[in-house]
Amino acid sequence: MEKYAALVTIILVILYGTYNATRTRHTPSPKPQDTPYTQHINNHPTAPAAEELSQLDTPEYTYHYIRNVIKHGSNSLGFPGGVMEGGYIGEADAPGVACYVLHLSGKTCPAGTEKKEAHLFFSSNCAGCHGNDGRGLHGKYPDLTRPTLQGIAKQMEARH
Ligand code: HEC
């Protein structure tokens, strides 16, 4: 009889343990739709679109964009002059020329990119299409003196 009592106790302990384990495992976690939207937004703040857009229209981003165009070209703006190939000037001269282009619209260059001879590189490699004044030969090529370059304006529109 005592043997039985011990056995029953063991079985009861095991059953109780199993029951507890399944109970804790199945504690329902809150479903996503149970969280009110305002609370959810506070828990996962997203960058407001306006802030993201304003970052595109900065000298830093414009510099980065010009470097990219110099390296890879540009083909999405639909100018009568056609597309622009990349590589008119090498990587070593690109920072100075990009800074020169930034100056055309009155922007400040990133530190260390200003080069005295950059205007010479611009007139011999870029002015043939964009003009010595950067204005793009009467609409045939993009006007580089615009406050916001057209490729950047396009990116801003796409994100609206
Ligand atoms: C053979 C003509 C040609 C030459 C040379 C040329 N470009 Fe361009 N460039 C274009 C054309 C055409 C576009 C617009 C192409 C498109 O996207 O439709 C353009 C676009 C650009 C843009 C983008 C303008 C915007 O509003 O977004 C920049 C910046 C630029 N060029 C800088 C330069 C620089 C700097 C040089 C010299 C290293 C240069 N280009 C040489 C024809 C030229």
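When a ligand or atom number is given, it counts from 1 through the structure's own listing order. Predicted model only: the values in this text are computed from it and were never measured.
Remark: the backbone N or O of P147 is paired with a side-chain donor or acceptor of K107 at under 3.5 angstrom.
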Side chain to side chain contact (heavy atoms under 4.5 Å, CB included), that's the test. Do V101 and H130 meet it? Break it down for me.
CA-CA 11 Å; V101 174; H130 292 285; over 6 Å; no
May I have the step-by-step check of side chain to side chain contact (heavy atoms under 4.5 Å, CB included) for S76 and K154, ending in yes or no?
CA-CA 9 Å; S76 65; K154 229 178 137 177; 3.7 Å; yes
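The protein non-hydrogen atom at the shortest distance from atom 18 (O) of ligand 1 is L77 N, 2.8 Å.
The two residues D143 and T145 have their closest heavy-atom pair at OD1-OG1, 2.7 Å. Residues S74 and V69 share a closest heavy-atom pair of CB-CG1, 4.0 Å. Among all heavy-atom pairs drawn from H103 and C109, the shortest one is NE2-SG, 3.7 Å. Nearest heavy-atom pair across G131 and L137 is CA-CD2, 3.9 Å.
Using a 4.5 Å cut-off on side-chain heavy atoms (C-beta onward), I70 and V97 make contact.
For the residues P80, G82, G81, the heavy atom positioned nearest atom 12 (C) of ligand 1 is part of G82. Nearest residue to atom 5 (C) of ligand 1 from N125, I66, T145 is N125 (criterion: closest heavy atom).
For Y65, every heavy-atom contact with ligand 1 shorter than 4.0 Å involves the side chain, none the backbone.
Close approach of ligand 1 to G151 is summarised as follows: ligand atoms under 4.0 Å from at least one heavy atom of the residue are 25 (C), 26 (O), 27 (O). If you number the atoms of ligand 1 from 1 as listed, the ones under 4.0 Å from a heavy atom of I70 come out as 35 (C). Near Q150, meaning under 4.0 Å from one of its heavy atoms, ligand 1 places the atoms 25 (C), 26 (O), 27 (O). Residue-ligand proximity, G78 to ligand 1, at heavy-atom distances under 4.0 Å covers atoms 18 (O).
Around atom 8 (Fe) of ligand 1, the protein atoms of type N, O or S that sit closer than 2.8 Å are M84 SD, H130 NE2.
Environment of CD in Q55: crowded, with over 12 heavy atoms of neighbouring residues, nucleotides or ligands closer than 6.0 Å.
The stretch residues 56-100 participates, sequence neighbours left out, in these ring pair (Phe, Tyr, Trp, His ring centres under 6.0 Å) pairs: Y61-H64, Y100-F122.
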